[in-house]
Peer 1: 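Structure below; questions to follow.
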Protein chains: 2
Amino acid sequence: MEKWRIISSRLLRHSSPRMMIGTSQNHGFGGSIQRSGSKDKFGKAERYFEHGKQNVETCSHPLRDSVGNLQIFLARNLYKTCRIHCRSFASGAARVQRNPSFSTINSNDIAFFKEVLGEKNVIQDEDRLLTANADWMGKYKGSSKLLLQPRSTEEVSQILKYCNSRHLAVVPQGGNTGLVGGSVPVFDEVIVNVGSMNNIMSFDKVSGILVCEAGCILENLDSFLGNQGFLMPLDLGAKGSCQIGGNISTNAGGLHFVRYGSLHGNVLGLEAVLANGTVLDMLGTLRKDNTGYDLKQLFIGSEGSLGIVTKISILTPPKLSSVNLAFLACKDYFCCQKLLMEARRKLGEVLSAFEFLDNQSMDLALTHLEGVRNPLPTSMYDFYVLIETMGTDESYNKEKLEAFLLRSMEGGLILDGVVAQDINQASSFWRIREGVPEALARAGAVYKYDLSLPVEDMYGLVEEMRLRLDQSAKVVGYGHLGDGNLHLNVSVPDYDDAILAQIEPFVYEWTSKRRGSISAEHGIGLMKANKIHYSKSPETVQLMASIKKLLDPNGILNPYKVLPHYVVSQA
Amino acid sequence: MEKWRIISSRLLRHSSPRMMIGTSQNHGFGGSIQRSGSKDKFGKAERYFEHGKQNVETCSHPLRDSVGNLQIFLARNLYKTCRIHCRSFASGAARVQRNPSFSTINSNDIAFFKEVLGEKNVIQDEDRLLTANADWMGKYKGSSKLLLQPRSTEEVSQILKYCNSRHLAVVPQGGNTGLVGGSVPVFDEVIVNVGSMNNIMSFDKVSGILVCEAGCILENLDSFLGNQGFLMPLDLGAKGSCQIGGNISTNAGGLHFVRYGSLHGNVLGLEAVLANGTVLDMLGTLRKDNTGYDLKQLFIGSEGSLGIVTKISILTPPKLSSVNLAFLACKDYFCCQKLLMEARRKLGEVLSAFEFLDNQSMDLALTHLEGVRNPLPTSMYDFYVLIETMGTDESYNKEKLEAFLLRSMEGGLILDGVVAQDINQASSFWRIREGVPEALARAGAVYKYDLSLPVEDMYGLVEEMRLRLDQSAKVVGYGHLGDGNLHLNVSVPDYDDAILAQIEPFVYEWTSKRRGSISAEHGIGLMKANKIHYSKSPETVQLMASIKKLLDPNGILNPYKVLPHYVVSQA
């Protein structure tokens with residue numbers, strides 16, 4: 001087994017442990033800004049917002065700590081340059097007009113909400129509104145004058161019933177860690193933040209079924225379950241801030257999707273409040289229930305546009321003690337694919353992650369991330385793969401992984417590789433994969449795409465994009481190979497409309513031709529509402545609009561998001 | 001390891017291998033009738049139909065072979081006694097009036113269908129209609145005069161568009177193996193059988209994603225996948241006859257649900273035709289796709305009442321080579337629960353089935369099934385559990401299971417047990433668990449309930465029912481403990497309204513109070529359409545009706561099924 005070298009922990013001393021993202025060693029754009037505090041960094045942030053057409057998602061991991069402080073800081077600085085019009089400026093998809101059928105808040109409304117929620121849960125304070133109006137990236141900013149903090153389903157129901165009767169638009173908000181502008185107002189929508197509804201209601205240790213309120217923070221749920229020998233079936237970089245209601249409303253994917261699958265399979269029940277205040281009790285705690293239409297599925301991934309999720313019942317898997325991670329080099333993309341296929345077959349029940357990054361992604365990580373070293377330093381390879389396994393038996397599973405790797409190397413699928421010997425080494429491997437977005441942000445301006453594609457075709461897009469852009473940009477590809485989820489990034493010194501015109505709509509058309517998805521895991525939000533046709537047929541989009549109209553006839557719930565504006569106005 | 005005795009294959013020579021159900025050793029009512037051919041058996045079958053209120057599901061496994069012949073035979077015999085009114089007689093839930101807004105077939109209709117489908121796919125032959133009008137149990141029978149066999153989505157679309165314009169009611173039909181009267185006409189609905197649409201369209205070996213037409217037989221798909229090193233994520237006794245479109249329309253559960261979970265998680269895409277002929281292309285082949293509402297979920301489990309599923313995309317897991325099975329005895333139900341909890345934690349990733357049966361179920365199996373022997377003959381225990389594991393490594397997984405069992409025995413959770421040494425022994429263990437429905441049918445009349453309940457509470461219902469019924473009936477409980485799915489059966493010498501009144505509505509009320517489901521895996525169909533309120537809130541049922549009205553305004557698709565009749569007429 002000498003091929004599997006052990007990395008000296010000395011080499012890796014600068015790497016941040018994976019579990020510490022959100023500290024000063026945070027991944028991503030937001031974290032970098034906070035750490036450096038340099039004018040240069042903020043200068044770049046402002047440059048992003050001053051540029052009208054680009055996608056500013058430079059990081060998939062919002063800060064876990066001090067997210068509020070960062071948001072206020074960012075929002076204040078950015079308001080100086082962007083003011084109220086930024087919201088129709090930060091994204092090409094965001095050029096919308098306020099719907100004139102919506103009312104504006106008056107003093108009677110405030111009095112009503114104070115009576116229902118109590119004085120302190122009706123927020124009009126400017127600083128707090130500043131935070132709630134902006135997403136964590138500072139990319140999307142509304143101008144809401146009112147933030148409501150209900151503490152119960154009944155309060156949510158009263159709020160919505162009233163807003164519906166008054167035609168007051170509402171934006172549901174959880175941890176506000178989304179990446180597509182789904183959780184902040186576009187104009188003056190009333191913000192309804194469910195963060196105060198954060199009780200764990202029950203946990204059935206026999207079945208592993210957890211019931212809790214929508215405002216529970218994902219990491220808190222995971223900690224609670226950890227003490228019971230279970231874990232949440234989803235894990236995200238944003239887990240320290242994001243809330244389970246938001247996870248479900250955006251159908252969050254995350255790192256363990258390849259193992260535990262979609263929330264459509266794991267969520268057993270929901271309670272949701274419709275626009276007219278009707279409380280839909282679909283809060284089953286059963287693995288099997290074939291009594292009529294499975295309506296809860298409509299609320300999973302509908303981004304708060306059909307109702308506000310208030311309670312959740314979810315199936316949680318047992319926590320397994322043995323976790324192993326390998327960092328590998330492959331000759332070409334075909335070998336990565338073949339390795340995935342073999343891993344599914346040979347590692348089968350223990351496979352828990354299968355990620356890939358290309359040469360250019362690796363180069364960026366090594367160049368721009370502090371303390372990151374190449375675990376396979378003898379040579380640069382064209383492709384790198386991370387394979388994680390999780391099981392019940394430490395020594396056996398390690399041997400199983402190593403035997404698999406040895407066979408794969410003998411078969412030529414792997415050129416070189418290392419297996420992490422402890423949690424710090426595992427963290428350092430993850431740091432490379434998870435650090436690519438941060439490295440891209442440091443390298444310059446970046447056009448980012450989150451695509452789902454057939455695995456066979458996936459890397460072809462990166463190659464075609466390279467041919468199209470030639471020397472004018474650096475094109476990198478990485479992502480969740482096990483899920484068919486590609487993060488395509490085009491790195492350029494500065495944003496350039498001529499380059500953007502080379503990328504879009506080509507990237508969407510290419511994806512559409514292969515029946516791919518233009519949003520694998522981030523959702524549609526405000527950002528892509530008018531681009532949904534690239535992934536969904538006209539008949540399907542029309543039916544979505546009809547269902548929206550059925551459940552929310554006045555269109556008060558999260559307006560301007562998810563569905564194309566033309567279809568909503570027609571419905 | 002001497003506690004784990006090896007069963008002599010001599011002892012088990014009469015047991016049918018599990019893979020051979022559907023042969024002369026078939027499980028269940030239908031199989032028994034065919035095998036014996038005795039007047040006594042048919043006498044009993046007729047007795048079932050002559051009794052107005054009972055549930056006649058005596059077997060969860062329709063015949064795999066010669067299902068058509070059996071159906072014709074049964075249907076002919078039963079028509080003699082039941083005639084046209086049987087359909088409103090076989091079930092208490094089935095007392096419905098024909099909707100007068102529906103037209104009846106005329107010669108112009110026939111001419112139109114012949115033009116679209118060709119002469120031979122427009123069936124008016126009496127024998128073939130006899131089969132298509134009756135379900136496999138002979139419990140539900142319609143009086144349709146027309147069976148259509150489309151060969152493409154376009155043909156399905158033309159049929160539905162025409163039927164919708166003419167207000168002709170339609171019943172979608174696949175393998176017709178359902179248990180709740182969902183797949184046969186109630187009156188004279190046009191039968192649209194998609195069995196001719198049985199092409200496999202693509203299989204992606206890298207991702208394990210299969211795309212096929214709705215009429216593919218489950219077993220054929222599994223065989224196809226087996227050759228590629230994959231398997232279907234669901235396995236049913238009816239696999240030789242049931243079709244994937246029907247599986248999806250009824251959200252079938254099955255034996256491997258505990259391992260691979262719900263079709264809501266495994267189905268990646270669907271194509272469905274709406275009542276007005278609109279083809280909804282939702283046939284994505286992506287693991288991740290967050291572009292708008294996940295509309296395909298509406299069609300999973302809606303029993304053909306919202307549209308006809310025509311194509312399917314499904315994620316299939318790799319086939320694992322190592323399968324092990326243990327047959328165990330437990331002191332009490334608490335130990336069964338605790339063992340389940342431990343199995344989830346310790347066997348974790350390899351656990352693939354966890355079934356239980358009580359003393360009375362075991363006694364019935366031993367008394368009434370030919371060639372079945374007790375694998376633990378030294379004593380009768382109160383509870384028996386089957387644990388199956390599936391993994392990639394034969395010797396390791398066997399040792400892992402045996403070590404787990406040894407620890408559980410030392411901890412007092414298991415009193416006795418055996419591990420199958422080969423496929424024949426495994427089949428003989430499964431024969432006991434799967435043979436209970438057949439044993440019940442042989443023992444006399446039986447009232448059957450398919451319930452989902454919190455695992456903790458589940459067996460309490462069996463105990464309470466025993467107290468209620470005292471000596472007047474034999475109450476048995478068995479089922480999928482790992483999924484919280486109880487099969488409660490009340491065995492009596494003959495059907496008796498006084499006993500039925502002791503059981504219902506008590507059983508539904510008891511289930512409802514614990515937020516259980518009155519249909520864990522069989523669906524609602526005609527049988528329980530007016531009982532859905534026991535498991536679903538009024539607001540939820542009302543929204544179901546509104547969605548039905550939105551997608552099928554004339555109500556032509558599978559009328560009288562799934563939704564309560566009062567709510568459909570109001571919608």
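Every chain is numbered from 1 and lettered A, B, ... according to where its sequence line falls, protein lines coming before strand lines.
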Peer 1: Is Lys536(A) close to chain B through its backbone or its side chain, or both, or neither, when contacts mean heavy atoms under 4.5 Å?
Peer 2: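 Side chain only.
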Peer 1: Quick one: closest heavy-atom pair of Pro318(B) and Arg345(A), and the distance?
Peer 2: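 Here Pro318(B) and Arg345(A) meet closest at CB-CA, 4.0 Å.
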Peer 1: With only heavy atoms counted, which part of Ile518(B) is less than 4.5 Å from chain A, the side chain, the backbone, both or neither?
Peer 2: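 Contact with chain A is through both the backbone and side chain of Ile518(B).
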Peer 1: Is Leu295(A) close to chain B through its backbone or its side chain, or both, or neither, when contacts mean heavy atoms under 4.5 Å?
Peer 2: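 Contact with chain B: side chain only.
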Peer 1: Which atoms of Leu315(A) come close to chain B, meaning under 4.5 Å heavy atom to heavy atom: side chain ones, backbone ones, both, or neither?
Peer 2: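 Leu315(A) has no heavy atom closer than 4.5 Å to chain B.
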Peer 1: Which one, Gly391(B), Gly253(B), Ser321(B), leads in non-hydrogen pairs under 4.5 Å with chain A?
Peer 2: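 Of Gly391(B), Gly253(B), Ser321(B), Gly391(B) has the most heavy-atom pairs under 4.5 Å with chain A.
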Peer 1: What residues of residues 278-293 of chain A sit under 4.5 Å from chain B when only non-hydrogen atoms are counted?
Peer 2: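 Checking residues 278-293 of chain A against chain B gives Thr278(A), Val279(A), Leu280(A), Asp281(A), Met282(A), Leu283(A), Gly284(A), Leu286(A), Arg287(A), Lys288(A), Asp289(A), Asn290(A), Thr291(A), Gly292(A), Tyr293(A).
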Peer 1: Between Phe299(B), Tyr396(B), Phe230(B), which shows the greatest number of heavy-atom pairs under 4.5 Å with chain A?
Peer 2: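 When all of Phe299(B), Tyr396(B), Phe230(B) are compared, Tyr396(B) has the most.
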Peer 1: Is it the side chain or the backbone of Thr250(A) that comes within 4.5 Å of chain B heavy atoms, both, or neither?
Peer 2: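 For Thr250(A), the backbone is the part near chain B, not the side chain.
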Peer 1: As an exercise: rank Met390(B), Glu342(B), Lys548(B), Arg259(B) by heavy-atom pairs under 4.5 Å with chain A and give me the winner.
Peer 2: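 Option with the greatest count: Lys548(B).
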Peer 1: Does any backbone or side-chain atom of Val206(B) lie under 4.5 Å from a heavy atom of chain A? Answer side chain, backbone, both or neither.
Peer 2: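 Val206(B) touches chain A through backbone and side-chain heavy atoms alike.
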Peer 1: Using a cut-off of under 4.5 Å for heavy-atom pairs, which of Leu263(B), Leu347(B), Leu298(B) has the most such pairs with chain A?
Peer 2: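 Looking at each of Leu263(B), Leu347(B), Leu298(B) in turn, Leu298(B) comes out on top.
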Peer 1: So for Leu550(A), is it side chain, backbone, both, or neither that comes closer than 4.5 Å to the heavy atoms of chain B?
Peer 2: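 Contact with chain B involves the side chain of Leu550(A) alone.
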Peer 1: Given that the side chain runs from C-beta out, which part of Lys400(A) has a heavy atom under 4.5 Å from chain B: side chain, backbone, both or neither?
Peer 2: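 Looking at Lys400(A), just its side chain touches chain B.
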